[in-house]
Trainee: 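There's a structure below that I have some questions on.
As the structure lists them, so they are numbered: ligands from 1, and atoms in each ligand from 1. Values below: every heavy atom of this structure, side chains too, minus hydrogens, waters and symmetry copies.
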Amino acid sequence: MQKVRKAIFPVGGLGTRFLPATKALPKEMLPIVDKPLIQYAVEEAAEAGIEEFIFVTGRNKSAIEDHFDHSFELEATLTAKNKQQALDTVQHMVRHPGSVIYVRQQEPAGLGHAVWCARHIAQSEPVAVLLADDLILGKSCLGEMLSAYTSGNMVAVMDVPENETQSYGIVAPGKDDGRIVEVTGLVEKPAPAQAPSNLAVVGRYIIEPGVFAHLDRQDRGAGGEIQLTDSLARQIGVVPFRGFRFSGERFDCGSKIGFLQANIAFALQRADLQQRLRGWLDERTT
Ligand code: G1P
């Protein structure tokens, strides 16, 4: 099996669901407790053994580049004040020189288009794709997928309520051992009546190089956008395609309710916050 060394992070979206917060701030920089969404995705990928981090950015996204770089003034101040823990936190996230690559998506034309913008960097290797909006509490979802990956394409999947299929890529399932599901069909955002199941794609993918040849066609799909789902679907029957049921809990941080739930769930895991937060929640909700 060819090792998966590279991961693509599409971060060019406009974040219109979070206006006005995202007018000048990239949506991927919104914090869950004290860490931006994009950092969770990068840490998940690093934990899974990814070595090259490819960000597909857009205009107004320079805060993401700064976030993963040194901040000399901040580091000098923390050193002078002997704030070692804070210094470790900010230095730890600066990645190995040359391992972070930025490419611009000039227009937000869909997830497939964003991934296609990274084609020259992905080259002829299987690559991971992580959507920072989908935040997973628990084990590294990509790490679990890579342990089960052999070849072809793989997507993380979970059951969603039947009336929510129009928000996801939906799988037509074949052979299913409870953890790995054969994907026999894939449709982007079908209405419940047209959906082949309620098994939805969550934003973690391992895609093999052949997907880029389909993305090259630049065909528009659901919502008039170039969909990654459509290019993956074209490879069904050509290369293996599997869905992976991950063990963690997924939060849709692209929605306000999911974002709020994630903040609470992640804070409840934190030794420095859980007791006070739980007490306060109990007071508010009883
Ligand atoms: C994207 C994909 C969709 C997938 C979803 C997971 O949609 O196109 O297939 O199910 O991510 O979050 P988006 O949420 O960007 O509209």
Side-chain angles (χ1 to χ4, degrees), residues 7-18 22 26-28 30 32 37-38 40-41 44 55-58 105 107-118 128-137 141-142 145 153-173 181 183 185-192 194-207 211 214-215 218-236 241-246 248-259 261-262:
I8 300 173
F9 301 86
V11 292
L14 293 176
T16 47
R17 283 196 279 176
F18 272 93
T22 50
K27 67 173 172 155
E28 298 79 12
L30 292 173
I32 301 298
L37 275 167
I38 187 63
Y40 286 96
E44 178 185 326
F55 289 82
V56 183
T57 70
Q105 182 187 19
E107 44 162 344
L111 177 59
H113 182 259
V115 170
W116 177 78
C117 287
V129 179
L130 292 94
L131 309 186
D133 276 359
D134 281 330
L135 179 61
I136 292 159
L137 178 62
C141 176
L142 183 64
M145 288 170 73
N153 295 312
M154 182 180 261
V155 288
V157 291
M158 65 181 268
D159 290 317
V160 296
E162 268 155 34
N163 60 0
E164 290 181 12
T165 56
Q166 66 285 356
S167 300
Y168 297 94
I170 299 289
V171 164
V181 193
V183 179
L186 188 63
V187 196
E188 181 68 8
K189 302 197 170 84
Q194 274 83 50
S197 74
N198 65 332
L199 193 60
V201 175
V202 170
R204 300 291 181 275
Y205 307 75
I206 303 169
I207 61 172
V211 173
H214 295 293
L215 289 173
Q218 305 274 295
D219 289 345
R220 303 260 166 177
E225 296 189 336
I226 299 166
Q227 299 291 351
L228 180 58
T229 297
D230 296 341
S231 288
L232 288 168
R234 288 202 185 97
Q235 282 199 303
I236 291 171
F241 193 178
R242 301 182 180 102
F244 181 86
R245 287 197 179 85
F246 51 100
E249 185 182 1
R250 175 256 187 183
F251 293 90
D252 173 13
C253 293
S255 76
K256 288 179 187 115
I257 187 72
F259 177 77
Q261 287 166 337

Trainee: Among protein heavy atoms, which sits nearest to atom 9 (O) of ligand 1, and what does the distance come to when rounded to 0.1 Å?
Mentor: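 Among all protein heavy atoms, the one nearest atom 9 (O) of ligand 1 is Glu188 OE1, 2.7 Å.
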Trainee: Using a 4.0 Å heavy-atom threshold (strictly under), name the region of Leu131 that reaches ligand 1: side chain, backbone, both or neither.
Mentor: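 For Leu131, the contact with ligand 1 is made by the side chain alone.
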Trainee: Name the orientation class of the two ring planes belonging to Phe55 and Phe9 (parallel below 30°, tilted from 30 to 60°, perpendicular beyond 60°).
Mentor: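 Rings of Phe55 and Phe9: parallel, under 30°.
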Trainee: So which of Arg17, Lys189, Arg250, Met158 gets nearest to atom 7 (O) of ligand 1, if we judge by its closest heavy atom?
Mentor: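 Shortest heavy-atom distance from atom 7 (O) of ligand 1: Lys189.
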Trainee: Between Phe259 and Phe251, does the ring centroid distance fall short of 6.0 Å?
Mentor: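 Centroid distance Phe259-Phe251: not below 6.0 Å, so no.
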Trainee: Val202 pairs by side chain to side chain contact (heavy atoms under 4.5 Å, CB included) with which of Phe244, Tyr168, Phe246?
Mentor: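 The passing option is Phe246.
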Trainee: I'd like to check whether Asp134 has a polar contact with ligand 1, where a contact means an N/O of the residue lying under 3.5 Å from an N/O of the ligand.
Mentor: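 Looking only at distances, the answer is yes, because the N/O contact criterion of under 3.5 Å is met.
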Trainee: Is Lys256 reaching over with its side chain to a backbone N or O of Arg17, donor-acceptor style, under 3.5 angstrom?
Mentor: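 Judged by distance alone, yes, a pair lies under 3.5 Å.
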Trainee: Is any side-chain N of the basic residue among Arg250 and Asp133 closer than 4.0 Å to the acidic one's carboxylate O?
Mentor: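 Salt bridge: no.
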Trainee: Closer than 4.0 Å to some heavy atom of Thr229 - which atoms of ligand 1 meet that?
Mentor: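 Here the atoms of ligand 1 in question are 9 (O).
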Trainee: Would you mind listing which atoms of ligand 1 come within a distance below 4.0 Å of any non-hydrogen atom of Gly169?
Mentor: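 Counting atoms of ligand 1 from 1, those under 4.0 Å from Gly169 are 3 (C), 4 (C), 9 (O), 10 (O).
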Trainee: At what distance, to the nearest 0.5 angstrom, does CD of Glu164 lie from CG of Asp159?
Mentor: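 That separation rounds to 12.0 Å.
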Trainee: How does Val201 reach ligand 1, if at all, at less than 4.0 Å between non-hydrogen atoms: by side chain, backbone, both, or neither?
Mentor: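 Val201 to ligand 1: contacts from backbone and side chain alike.
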Trainee: Does some side-chain heavy atom of Arg242 sit less than 4.5 Å from a side-chain heavy atom of Asn153?
Mentor: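 No - every pair of side-chain heavy atoms lies 4.5 Å or more apart.
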Trainee: Any idea which atoms of ligand 1 are less than 4.0 Å away from a heavy-atom of Gln227?
Mentor: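 So the answer, numbered in order with elements, is 8 (O).
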Trainee: Quiz question for you: does at least one protein heavy atom lie closer than 4.0 Å to atom 13 (P) of ligand 1?
Mentor: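 Given the 4.0 Å cut-off, atom 13 (P) of ligand 1 counts as touching protein heavy atoms.
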